[in-house]
Asks: 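The structure follows.
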Amino acid sequence: MEEHGMDGRILGYDPSDPQSILEYAERLEGHTLREMTDAKKIADSKRRKGSFGNAMEEYYFDYAPNSSSEPDFAQAGVELKTTPMKHVRKNDLVAKERLVISMIDYMDVVNETFETSHFMEKARDILLVTYLWEKDADPLDYEVIMADLWTIPEEDLPQIKRDWETVVNKVRAGHAEDISGSDTMYLEACTKAATSENRRKQPCSDVPAKPRAWAFKASYMTAIEQGLLDRKTGAGTSLARKGQDINLLGLVRERFEPYFGRTEEELAQHFGISKSLNRCARITKRILGVDENSKIEEFEKANIKPKTMRIKRNGRLKESVSFPYFDYRKLEMTDFEDSDFHDELLQKYLFVIYREDEREDGVYRLADVMFWQMPDKDLDEAKRCYDQMRQNVREGHAEISVKSTENRCCHVRPHGQNGKDTRPQPHGRPVVKKCFWLNAGYLSDEIAKALF
DNA sequence: GCATGATCATGC
DNA sequence: GCATGATCATGC
């Protein structure tokens, strides 16, 4: 069979056969587009978002990029998605960004069911081409990591369906303007052109809403991609048995409920955990029923980190919550959106909540669990804190912190071994190691809002 | 050896 | 009682 591309050349694959498309795509693994095509430079000379994907369609698969609602390989019913991974500390590869599937049409989506939705149509058969992103590199020189035919794993469908319904139900309730990426676990409704004044109509309200698209969260993509990468090893522990409906919070709560009301000491004794600083973190893992060192698959996919929260009798958190320390020189050079702090704030957390006993001072009892992620609106406040600290560093005053009284959500405080544990700053003498903290008062309010 | 979760100590 | 500087200590 001969198939012809844009300029009449013979295609290297059969566009009606998914297997043939996959095999052709797999030849890219370990190579770059510059090596595998005759492309000399990217057509849109500015490296815009999507230029790798466009170049791949045009120069490797030999078809004109389109944005129609037809699948990219229409005859095979396969959608081509290219997605970047990046290196992070200790040689880990993570998804660089979310994978956007399709725009959400607020007017139509309210009449859809998940199973027959436009989203599922687009997400059902994906040719996923993963490449290694490198700062300042020409997209033609990105190395292709792997090519796979991918569909949503069966065990993830219940959570993704729940995510889809969470979003659609907000539209049905006439609150499309209140949708937030933090509403959901794996699938999110992310904003498109959020900075512009662009707004769309919604069917059940006159309030205009930001345009949004269905996307798999970056944390979910990381789990998917790592799973594809070490498919052979098949490591990992799953909280849910196959075929069992997954409701993460329900599942987690079910595990914790028998222990509500018990004190830290009782729990430590029950699980045979010695007196140690991270005693509560270890109790959490034991209650979740997983080996202390193993990762919990669902938590990885949803990028959920357990955190212990101790609430004093007066309703306030005993302590603020710290993040890893930051590098003053890196802080000066890095915008908030590209910072580690920003990544940390996009995490979803499992708060394991202990409350102080009504009578006995200093005795804390396991009281509740909840998921938490910083709401989008508070990210702006966190950015203010970041920018203010950045400004201090610019002016050679890394020793000046952002106080918790100056910012509603977070502050800056020392976090080193001792006063001698310093880090260089770009302009001036080294300063004691510091990190960002979430304000105890802010978190107290967030917890109270969620639980009462 | 160091990063990080956790906690202490001081002063207002 | 809280804000904030400072330090401890486990585990990787």
Side-chain angles (χ1 to χ4, degrees), chain A residues 88-92 263-265 267-268 271-288 290-295 299-300 303-331 339-341 343-345 347 349-356 361-364 366 372 381 385 388-389 392-393 397-425 429-445 447-448:
Chain A
V88 290
R89 46 195 165 207
K90 54 186 171 160
N91 288 332
D92 269 350
T263 66
E264 278 173 39
E265 279 72 20
L267 291 168
F271 290 113
I273 293 167
S274 57
K275 177 116 187 123
S276 58
L277 276 177
N278 61 352
R279 185 169 68 173
C280 286
R282 295 167 73 187
I283 291 172
T284 294
K285 284 197 160 183
R286 292 296 294 275
I287 292 180
L288 285 168
V290 294
D291 173 68
E292 280 189 27
N293 299 315
S294 81
K295 296 170 174 178
F299 275 33
E300 295 281 304
N303 205 13
I304 297 171
K305 282 198 171 173
K307 285 243 182 228
T308 307
M309 297 283 148
R310 288 188 190 74
I311 301 180
K312 293 188 290 185
R313 215 170 289 150
N314 64 9
R316 283 188 54 88
L317 275 196
K318 193 154 172 280
E319 305 283 350
S320 302
V321 171
S322 67
F323 291 106
Y325 80 90
F326 53 79
D327 180 307
Y328 297 113
R329 292 167 302 186
K330 200 169 155 198
L331 176 75
S339 66
D340 292 339
F341 184 42
D343 286 347
E344 284 144 13
L345 293 175
Q347 290 253 16
Y349 294 93
L350 172 71
F351 286 173
V352 179
I353 297 164
Y354 290 79
R355 287 184 194 281
E356 192 174 16
D361 284 358
V363 173
Y364 285 83
L366 181 61
W372 182 81
E381 185 71 358
C385 179
Q388 190 176 332
M389 191 62 210
N392 291 348
V393 171
H397 288 297
E399 77 281 2
I400 302 176
S401 296
V402 178
K403 299 185 184 308
S404 62
T405 46
E406 296 175 300
N407 191 284
R408 188 166 55 77
C409 301
C410 36
H411 64 278
V412 176
R413 251 159 75 190
H415 195 226
Q417 301 277 298
N418 53 48
K420 293 196 181 83
D421 191 6
T422 59
R423 285 295 177 273
Q425 59 165 324
R429 308 291 309 161
V431 173
V432 65
K433 255 182 180 172
K434 291 183 188 178
C435 73
F436 290 100
W437 298 70
L438 287 175
N439 296 349
Y442 166 66
L443 281 180
S444 303
D445 290 348
I447 291 171

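Quick note on labels: first sequence line is chain A, next is B, and so on, each numbered from 1.
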Asks: I want to check one thing: is the phosphate of C:dT4, taken as OP1 and OP2, less than 4.0 Å away from some side-chain N or O of A:Thr405?
Replies: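 Yes, A:Thr405 has a side-chain N/O under 4.0 Å of OP1/OP2 on C:dT4.
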Asks: Test A:Arg408 against A:Tyr442 for side-chain contact (heavy atoms from CB on, under 4.5 Å), laying out the working first.
Replies: CA-CA 7 Å; A:Arg408 188 166 55 77; A:Tyr442 166 66; 4.2 Å; yes
Asks: Between the base of B:dG5 and the side chain of A:His415, is one N or O donor paired with an acceptor at under 3.5 angstrom?
Replies: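 It does, because a donor-acceptor pair links the side chain of A:His415 to the base of B:dG5 below 3.5 Å.
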Asks: Side chains of A:Lys434 and A:Ser401: any donor to acceptor distance under 3.5 Å?
Replies: yes
Asks: Is A:Tyr325 close enough to B:dT4 that one of its side-chain N or O atoms is under 4.0 Å from OP1 or OP2 there?
Replies: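 False: A:Tyr325 side-chain N/O out of range (4.0 Å or more) of B:dT4 OP1/OP2.
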Asks: Could you please name the option among C:dG5, B:dG5, C:dG1 that lies closest to any side-chain atom of A:Ser322?
Replies: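 Closest nucleotide among those given: B:dG5.
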Asks: Would you call A:Glu356-A:Arg313 a salt bridge at under 4.0 Å N-O?
Replies: yes
Asks: With a 4.0 Å limit, can you tell me whether A:Ser401 has a side-chain N or O closer than that to the phosphate oxygens OP1/OP2 of C:dT4?
Replies: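 No, A:Ser401 has no side-chain N/O under 4.0 Å of OP1/OP2 on C:dT4.
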Asks: With respect to the side chain of A:Arg316, which nucleotide from C:dA6, B:dT4, C:dC2 is positioned closest?
Replies: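 For A:Arg316, the side-chain atoms sit closest to C:dC2.
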Asks: Restricting to non-hydrogen atoms, name the atom on A:Cys410 and the atom on A:Phe341 that form the minimum distance, rounded to 0.1 Å.
Replies: SG-CZ, 4.0 Å
Asks: Is the distance from OP1 or OP2 of B:dA3 to the nearest side-chain N or O of A:Lys433 less than 4.0 Å?
Replies: yes
Asks: Among C:dG1, B:dC8, C:dA6, which is the nearest nucleotide to the side chain of A:Glu319?
Replies: B:dC8
Asks: A:Ala281 side chain: which of B:dA6, C:dT4, B:dT4 is closest?
Replies: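 Shortest atom-to-atom distance from the side chain points to B:dA6.
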Asks: Rounded to whole Å, please give me the gap between CG in A:Leu443 and P in B:dA6.
Replies: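 A:Leu443 atom CG is separated from B:dA6 atom P by 13 Å.
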Asks: Quick one: is C:dT10 close enough that its OP1 or OP2 comes under 4.0 Å of any side-chain N or O from A:Arg282?
Replies: no
Asks: Identify whether any heavy atom of A:Asp421 sits under 4.0 Å from a base atom; if not, whether one sits that close to sugar-phosphate; answer base, sugar-phosphate or nothing.
Replies: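 It contacts nothing in the nucleic acid.
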Asks: For residues A:His411 and A:Arg413, is any side-chain donor paired with an opposing acceptor at under 3.5 Å?
Replies: yes
Asks: Rounded to the Å, how far apart are A:Leu438 CG and C:dA3 P?
Replies: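 Spelled out: CG on A:Leu438 to P on C:dA3 is 14 Å.
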Asks: To the nearest Å, give me how far apart CZ (A:Phe436) and P (C:dA3) are.
Replies: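 One finds 19 Å between P of C:dA3 and CZ of A:Phe436, rounded.
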Asks: Give the rounded distance in Å between these two atoms: OH of A:Tyr442 and P of C:dA3.
Replies: 16 Å
Asks: Please tell me if A:Arg413 has a side-chain N or O lying less than 4.0 Å from either OP1 or OP2 of B:dT7.
Replies: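 No, no such contact exists.
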Asks: Which whole-number value in Å describes the distance from A:Tyr354 OH to B:dT7 C1'?
Replies: 16 Å
Asks: Establish, with yes or no, whether the OP1 or OP2 oxygen of C:dC2 is under 4.0 angstrom from a side-chain nitrogen or oxygen of A:Lys318.
Replies: no
Asks: Mind calculating the distance between CG (A:Asp361) and C1' (B:dT7) to the nearest angstrom?
Replies: 17 Å
Asks: I need the CH2-P distance between A:Trp437 and B:dC8, as an integer number of Å.
Replies: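 That distance rounds to 13 Å.
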Asks: Examine C:dT4: is either OP1 or OP2 under 4.0 Å from a nitrogen or oxygen in the side chain of A:Lys434? Give yes or no.
Replies: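 Looking at the OP1 and OP2 atoms of C:dT4, neither is under 4.0 Å from any side-chain N or O of A:Lys434.
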Asks: Nearest to the side chain of A:Gln417, heavy atoms from C-beta on, is which of B:dG5, B:dA3, C:dA3?
Replies: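 So the side chain of A:Gln417 is nearest to B:dA3.
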Asks: Check the phosphate of C:dC2 against A:Asn439, side-chain N and O only, distance under 4.0 Å to OP1 or OP2. Yes or no?
Replies: no
Asks: Taking the six-membered ring of A:Tyr325, is NZ or CZ of A:Lys433 closer than 6.0 Å to its centre and within 45° of its axis?
Replies: yes
Asks: Just how far, in rounded Å, is P of C:dT4 from CE of A:Met389?
Replies: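 Interatomic distance, CE of A:Met389 to P of C:dT4: 13 Å.
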Asks: On DNA chain C, compare the nucleotides closest to A:Gly416 and A:Glu406; which residue's is nearer the 5' end?
Replies: A:Glu406
